[in-house]
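Structure first, then comments.
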Amino acid sequence: MNRRQFMEGAAAFGLAAGTGLAERMAPAAFPDWREGLLDIHHISTGRGPSTFVVGPDGTTLLIDAGDMSDGRPDDTVLPCLPNAGRTPGEWIAAYIERFSRPLNHKTPRLDYVMLTHFHSDHIGDRQKAVREKNGYALSGITAVAEHVAIGTLVDRGYPDYAFPSREAVVASNPKFFKDYLAFVDYQRTQRGTAVEAFDVGSHTQFALKRAPGRFPGFAVRNIAANGRVGERTVFARERRPDENMCSCVVTLSYGAFAYYSGGDCSGTPAKRDVETPVAEAVGRVDAMSMDHHAYVDSANPAFLAALRPQVMVIPVWDMWHPHAETFARMTDTTIYPDERTIFATGLHEKAKARLGAAAAQIRPQGHVVIRVSEGGERFRVFVLERDGFSVVDATGELRASARA
């Protein structure tokens with residue numbers, strides 16, 4: 001896809017200049033980011049999670065960019081959103097282009113990309129109708145990078161991809177992992193992207209780049225990956241952990257506000273439980289992206305009781321997201337009594353039927369954006385329509401919690 005085609009794709013979101021946005025947006029427009037705000041965008045593509053963060057000084061971070069377009073029966077997954085005219089990676093790139101505009105970049109770029117783990121719904125997959133460029137297939141993050149420059153790419157395995165073993169990593173995404181390795185090499189050698197391994201315990205790997213001294217209350221804390229939670233070893237490679245158990249886990253904090261993102265971190269059964277030690281390291285948060293799409297093996301009671309989120313966001317692409325057992329835990333006030341609001345980037349009709357009346361507790365679906373006020377004392381949540389950025393749902397102002 002060339003630049004002209006890309007901008008045409010962006011226009012399908014109502015994102016390109018000269019598309020009559022003023023008429024379409026009024027009166028429920030989402031205000032542009034300005035310095036001092038923290039925006040966390042959960043992008044709705046229907047094919048995997050992708051979270052775009054704009055820090056208070058304009059530093060940008062993308063967490064995951066997946067694509068599950070092939071290999072599943074059509075009646076078990078969401079359709080490609082907002083439509084199938086572009087790939088999920090291309091839609092993510094268009095979204096980033098629009099919401100990067102207040103940063104005044106000449107061309108779209110990301111300061112950081114963090115890939116939590118190597119499953120296709122988080123990094124991409126080799127599709128049936130494959131498009132190749134630079135020696136690799138364009139899907140998920142590799143498609144995003146065709147349109148958005150990446151400053152630093154961070155994943156859990158660089159440079160040897162050997163935890164728990166090279167064979168296990170390759171097997172986690174067998175059709176696409178060779179493409180991903182070619183992509184990493186090309187970005188590093190031809191486009192000047194810095195590539196790093198996720199540094200468990202670091203508070204500085206994802207540092208503000210433009211005005212860090214103005215916003216000392218902002219930090220990204222690397223909590224866990226590859227069997228380590230801080231300095232604690234939860235499991236070793238000899239236990240043959242699955243890919244989800246190795247997910248990179250981070251928290252974002254800004255003043256009193258705290259947000260959690262843990263990829264596909266698992267909480268049950270006991271032999272796969274990473275959430276409990278993670279919860280001990282994290283403590284209370286105000287908002288979170290639900291682990292493993294709120295599937296049955298996530299959000300165990302100890303984890304929820306420790307984090308006590310006011311806002312939960314479910315990144316959905318499958319009919320089992322969220323699982324009814326997990327959703328029951330998420331809404332159980334005996335686990336923690338605080339009020340909570342639940343959002344989802346989509347909801348499959350089969351999931352809705354399975355949840356029954358409980359599905360009404362999930363707010364309308366779309367791009368879910370958490371906007372944190374300057375200094376981090378308050379925040380709101382907005383749901384934006386998928387084919388534009390008008391607000392279709394919004395919370396009132398919420399106060400960030402003092403963390404234990």
Side-chain angles (χ1 to χ4, degrees), residues 1-6 8-10 12 43 45-52 62-74 77-97 108-110 113-161 166-193 195 243 263-264 315 317-318:
M1 177 182 287
N2 59 34
R3 178 68 181 169
R4 179 186 61 79
Q5 291 170 319
F6 170 65
E8 288 172 353
I43 304 173
T45 68
R47 299 300 184 174
S50 189
T51 304
F52 175 55
L62 184 70
I63 303 175
D64 289 337
D67 184 355
M68 282 292 294
S69 293
D70 283 345
R72 295 289 299 272
D74 288 343
V77 298
L78 292 176
C80 184
L81 301 170
N83 59 60
R86 297 290 182 266
T87 68
E90 290 165 348
W91 285 126
I92 293 167
Y95 190 100
I96 292 168
E97 190 277 337
R109 69 175 186 263
L110 289 159
V113 168
M114 186 193 84
L115 302 175
T116 60
H117 62 296
F118 301 121
H119 281 158
S120 56
D121 58 326
H122 292 257
I123 69 168
D125 199 2
R126 178 168 274 268
Q127 312 298 336
K128 292 176 183 175
V130 64
R131 289 186 63 238
E132 293 194 36
K133 191 174 180 180
N134 312 318
Y136 50 82
L138 298 180
S139 176
I141 189 58
T142 67
V144 171
E146 280 302 293
H147 310 287
V148 183
I150 299 172
T152 300
L153 173 68
V154 178
D155 66 31
R156 73 169 194 83
Y158 185 81
D160 55 4
Y161 300 95
R166 180 68 171 235
E167 293 75 19
V169 173
V170 172
S172 70
N173 195 342
K175 293 192 298 180
F176 188 66
F177 195 72
K178 185 180 293 186
D179 293 292
Y180 176 71
L181 292 180
F183 160 76
V184 169
D185 184 65
Y186 184 85
Q187 294 295 312
R188 182 181 60 83
T189 60
Q190 303 300 315
R191 293 191 173 165
T193 299
V195 185
E243 186 64 25
D264 282 357
W317 58 264
D318 184 85

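The first residue of the sequence shown is numbered 1, and numbering continues consecutively from there.
Closest approach of R86 to W91, counting heavy atoms only: O-NE1, 3.2 Å. Pairing each heavy atom of P174 with each of A171, the nearest pair is CD-O, 3.2 Å. What you find for F118 and S172 is that their closest heavy atoms are CB-OG, 3.8 Å. Residues G89 and A143 come closest through the heavy atom pair CA-CB, 4.0 Å. Residues A65 and S50 share a closest heavy-atom pair of CA-OG, 3.9 Å.
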message = Determine whether I96 and L110 satisfy the following criterion, side-chain contact (heavy atoms from CB on, under 4.5 Å), listing intermediate values before the conclusion.
response = CA-CA 9 Å; I96 292 168; L110 289 159; 4.0 Å; yes
Problem set entry | side-chain contact (heavy atoms from CB on, under 4.5 Å) evaluation trace for F176 with S120 | CA-CA 8 Å; F176 188 66; S120 56; 5.9 Å; no
Requested in this report: Test side-chain contact (heavy atoms from CB on, under 4.5 Å) on I150 and L62 and set out the steps.
Outcome: CA-CA 10 Å; I150 299 172; L62 184 70; over 6 Å; no
- prompt: Which is it for N134 and R191 under the side-chain contact (heavy atoms from CB on, under 4.5 Å) test, yes or no, and what are the steps along the way?
  reply: CA-CA 11 Å; N134 312 318; R191 293 191 173 165; 3.9 Å; yes
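Taking the side chain as every heavy atom from C-beta outward, H147 and E97 never approach each other to under 4.5 Å. Residues V113 and I141 have side chains in contact (heavy-atom distance under 4.5 Å, counting atoms from C-beta outward). Between L153 and F183, some side-chain heavy-atom pair lies under the 4.5 Å cut-off. A heavy-atom distance below 4.5 Å is found between the side chains of V184 and Y161. When side chains are defined from C-beta on, H122 does not count as touching N173, because their heavy atoms never get closer than 4.5 Å. Counting only heavy atoms from C-beta outward, the side chains of Y95 and T45 never approach each other to under 4.5 Å. Counting heavy atoms from C-beta outward, R47 and V77 have side chains that approach closer than 4.5 Å. Between T87 and L138, the closest side-chain pair of non-hydrogen atoms is not below 4.5 Å.
Side-chain N or O atoms of R166 include one that pairs as donor or acceptor with a backbone N or O of D160 at under 3.5 Å. Remark: the backbone N or O of D125 is paired with a side-chain donor or acceptor of S139 at under 3.5 angstrom. Judged purely by atom type and a 3.5 angstrom limit, D64 has no side-chain atom pairing as donor or acceptor with the backbone of P49.
Between H117 and H119, the ring planes lie perpendicular to each other; the angle is over 60°, past the 30° to 60° tilted range.
Taking CG of D264 as the start and CG of D121 as the end, the distance is 6.0 Å to the nearest 0.5 Å. Separation of atoms OG1 (T116) and CZ (R156) is listed at 9.5 Å; rounding is to 0.5 Å. Distance CD/Q190 to CZ/R188: 9.5 Å, rounded to 0.5 Å. If you take CG on L181 and OH on Y136, they are separated by 12.5 Å, rounding to the nearest 0.5 Å.
For E90 and R131, the salt-bridge test passes: some basic side-chain N is under 4.0 Å from an acidic carboxylate O.
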